[in-house]
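Quick note on labels: first sequence line is chain A, next is B, and so on, each numbered from 1.
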Amino acid sequence: MNQKAHLLIRKGRVIDPNTGRDEVLDILIENGRLVRIAASLDAPGAEIINAEGMLVLPGLVDTCVHLSESSGGRNGSIASEALAAASAGITHLCAQPDTNPVIDNAAIVRLIRERSFKSGFAKVLPLAAMTQGLEGRQLAEMVTLKEAGCIGVSNAGKPLQDTLVMKRCFEYAATFDIPVMLRPQDAALSAGGCAHDGPVASRLGLPGIPAVAETIELSRALLLCETTGVRLHIQQISCAASAELLRDAKRRGLPVTADVSIHHLLLDESALENFNSDCHIIPPLRSRSDRDALLAAVADGTIDAVCSQHLPLGSSSKQAPFPATKAGISGIETLLPLMLLLVEKQALTLPRAIELLTSGPARCLGQQIGHLEIGRAASLCVVDMHAQQTHSEHWLSAGKNSPWIDTNLPGAVRLTVCEGKVSWLSD
Amino acid sequence: MIHSPPSANIQLTADGRLKHFLSIEGLPRSLLEEILDGAASFVEVGDRSIKKVPLLRGKTVVNLFFEPSTRTRSTFELAAKRLSADVLNIDIAKSATSKGETLMDMLWNLEAMASDMFIVRHSDSGAPFFIANHVTPQVAVINAGDGRHAHPTQAMLDMYTIRHYKGGFEGLKVAIIGDVLHSRVARSQIHALNILGAEEVRVIAPKTLLPKDIESLGVSVYTDLASGLRDVDVVIALRLQKERMDSALLPSEGEFYRLYGLNNERLRPAKPDAIVMHPGPINRGVEIASEVADGPRSVILHQVTFGIAVRMAVMSMSISGQESGL
C-alpha cells in the first residue's frame, strides 16, 4: 500500500481502554511511530485521514484464530486470513497450534512468523502445542518454542485426557513463566457429539455434548492452576456454570483469565434449527440462559476478552448432513461488527466492548499490545461505527462458512495500521 | 440475526400441500389425517388380485439407502411398484461415499437419470433435509429414517394402526418403552400423537436411555414400568440394539428385560383392551416376551401390512404436490 511517511488522523473519537481515554483528538504517526495524541495537531506534508464522527481504537487483538495453509479441510493461507483480519481492524492474532503440521517445533514457528511478516497485514502471535503433536502424552519443548517466538502453549481444544500430563504441563510452564491456554472439554463426555445436549439436539436427534463436559475439564484445570501457580488462560467457555467457576476462581485470586467467542454471545442452540451447519461450532451453542450468563460475565469482568474463534473452511466441509460437517465458523471479519451489534442492543457499553477486543485480550496473552502508546510503532484502527454493511460483498477470508455472511452489520473499518504499516485503507 | 424457518417448512408447497416428507414435526393435523385417509383407500388395493394402481406410472423412484435395511426398503419398493413406478435400489455402504465421491456428486448423478423421487435412509440426523435442500425442485424426498431424528412413515403407519384399532386419538394414553435416546421412531411417534390429539404420551425408560429435556417434546417421563403403564390404551415397545450394552448405557439385556421387558404379567396395569405395538425387528426376551409378541393384544404384523399402504399414500401425495408446484 502506497503511503506517505507521516499520517495525521483528525478529529476521531479516541478510545484507549488501557488509559481510560475517551475523547475527540488528533493522532500523528511519523515514520510508523505514534508520536502525538492531542486536541489539534498540524503536520505539514502528512497524509490526512479525516476521522470525524469515527472511532479511533488501538489495533484489535484476537485471542483465538485457527490458521492453515489449506489443509485438513481448512481454506486459506496466512496471507489471506491476515488481510481479512486487517480489513476488520485486527492487528494482532493469536494462532492456535493445530495447524498442519502442528506447531510443536521451532522450524514451524519460524515459517509462520516469516509468512506473517511477509504478508505484513497483521502480526501473528503463534501458540505452541502443549504436548508433542497435540497428542496429550509428551511435553512439547516449551522453552525452545518460546525462544522461537511462541507467546504461550495451548491444547487447541484437544482434550488432555491424562491428568498427570496436564499437571506436568502446568508445572513445567509455570517454571518458565509460560502462559497456558486451554479450551476445556472432556473427551469421553463429548465423544461423537455435535450440538448442545438440550431440547433442540434432542428434537433434531443430534448427538449431544453436555455442559458438564466443559465444567469437569475446567474444574480440573482450575484445581491444577491453584496447585501449580501457572498463568492460565481459559479459551471459549460456553455455559453459565463455567462462568460461575471462573468467577469463583478469580475471587480466590487464581492467576486465571478467560475468553469467549463472539458467536456464543449472540447465538444459542435455536440457531441449529433446520440443521443449519453454519452454526456447527465446538464448544456448541448452548441455551438462551447460558448465553445470557456469558453476556453478564463479559460485562462484569469475569470474562476478559472476546475472540473470533476463526476457522476458515472450504465449502465442501459444510456440504453434508449436519453431524458430518466440520465444526467451525469463519469469524475474523465479523468480530468487531458483532461487538458493535451488542453495543447497539445495549448488552455492552462501547468502552467495555472495545476493552474486550484490545487491552483485555492483550492482558490474557501477556503482551504489551492493544493500547495506544506514544513512541512505539503504531497499531490502531479507524472505524465508522454508523456505517452498515453486508459482508458477503467484500468477504476476504478464504472460508465463507459464516452464519453472518449475508447479514447487514454495523461498522466499517476505514484504516488499519499494524506496527507502523498501513495494512488496510478504504473510503 | 438469524431466523431459521421451522424444520417442517421445506416439506410443503406454497399452498400447504406435501412435496417432501421429511419429518412429522410442524405438519398440520389435517395433513396427517389426509395421509391416514389416503392409506385407508390403498389398504383395499392390497386385497385385490391385481395389486396395482397407475398413479406413479412413468415415474422413477430411487431407494437411496446409506444404512442397511431390509424391511423398510422392501415395503417402500413394494409401495412404489403398486403405484406403477419404476424403482431403482441403491445401497450405499458407508465406505462407498468415502471413495472420494461426495454426497453432492452422487445426488447430481442420480438427478441426471431423471429421477422423480428419492427415498432416503441415512445414519446422520438431518441427511434428508440436506438432500431436499440441494436437489432440483422437481424431485420429491421421502425420509426413510435419519440418524436419531425422524422416521415419519413408520410413525404414520403406527398412527394408522392405532386409529384402526382404537377408532381415533381422543382420550388415548400411549406409552413408549425403551431406548428413546437413539430412536428416530419414538421422536416421530411423539410428534404425530401430539398433533393428532392423543391425551397423553408417556416415555418409560432408565435415565441412560432418555434424551435430555425430552419433556419439551410433549411427553410425561416415567422410569418405572408399572406406573408408566397404568391405564394406557396403547403400548409401544422400542427395539433395543445390542451395542447399547457395550457403551455403558445398560448393564445387561437380562436386567433390562427384568425391569422394562413386556410380558403378560407386567402388562396388567394397562387397560384390558390395550394394544401392543413394536416397530420391529423384535428382540424376543429382551424388550418383549413371545407370549406378548404373539399374543392377542399384539398388532405387530398388521403394522407391516399397513406400512405399504401408508407409504403409497405419502408417495402419491408428494408426487402430486410436486406436480402442482410446476
Side-chain angles (χ1 to χ4, degrees), chain A residues 73 188-189 191-212 263 266-280 285-287 314-325 329 338 341-342 344-345 402-409, chain B residues 1-10 22-26 66 94 97-98 100 102-105 107 120 122-134 143 145-151 180-188 190-191 210-219 247-248:
Chain A
L189 291 175
C194 61
H196 170 57
D197 197 22
V200 174
S202 287
R203 192 159 43 79
L204 296 179
L206 296 174
I209 300 176
V212 75
H263 312 292
L266 279 150
L267 300 172
D268 58 44
E269 58 185 337
S270 65
L272 270 52
E273 284 303 347
N274 215 4
F275 298 99
N276 182 1
S277 61
D278 279 337
C279 293
H280 180 191
L285 300 168
R286 299 199 183 274
S287 70
S315 61
S316 64
S317 299
K318 294 287 186 185
Q319 290 281 37
F322 189 101
T325 57
I329 294 178
L338 292 172
L341 185 65
L342 284 175
E344 255 183 36
K345 292 167 174 289
S402 164
W404 307 103
I405 199 161
D406 294 319
T407 313
N408 207 29
L409 294 173
Chain B
M1 293 299 290
I2 296 174
H3 295 287
S4 302
S7 305
N9 278 2
I10 65 161
L22 308 175
S23 170
I24 304 278
E25 189 195 348
F66 295 85
K94 259 213 140 171
T97 34
S98 60
T102 67
L103 183 54
M104 287 308 305
D105 291 331
L107 291 177
V120 180
H122 200 288
S123 58
D124 283 329
S125 299
F129 278 82
F130 174 78
I131 291 172
N133 275 320
H134 288 86
N143 185 357
D146 62 326
R148 306 173 181 183
H149 171 239
H151 195 348
V180 182
L181 178 63
H182 298 92
S183 178
R184 51 194 174 211
V185 174
R187 284 176 178 77
S188 287
I190 291 166
H191 288 303
L210 288 170
K212 186 97 164 74
D213 300 318
I214 186 70
E215 304 85 348
S216 64
L217 259 63
V219 296
S247 45

Donor-acceptor check, side chain of Ser202(A) to backbone of Ile214(B), threshold 3.5 angstrom: yes or no?
no
Parallel, tilted or perpendicular: which fits the ring planes of Phe275(A) and Phe129(B), with parallel below 30° and perpendicular above 60°?
tilted
Structural part of Pro207(A) lying under 4.5 Å from a heavy atom of chain B:
both
Go through the atoms of Ala320(A) and report whether side chain, backbone, both or neither lie under 4.5 Å from a heavy atom of chain B.
backbone
Under 4.5 Å between any side-chain heavy atoms of Ser125(B) and Leu204(A), yes or no?
no
Counting heavy-atom pairs under 4.5 Å with chain A, which one of Glu215(B), Met104(B), His134(B) comes out on top?
His134(B)
Please report the interatomic distance CG(Leu107(B)) to CD(Gln319(A)), rounded to the nearest 0.5 Å.
10.5 Å
For the atom pair CD (Glu273(A)) and CG (Asn9(B)), what is the distance rounded to the nearest 0.5 Å?
11.0 Å
For Arg187(B), is it the side chain, the backbone, both, or neither that has a heavy atom closer than 4.5 Å to a heavy atom of chain A?
side chain
Which heavy atom of Asp197(A) sits nearest a heavy atom of Lys212(B), and at what distance?
O-CG, 3.3 Å
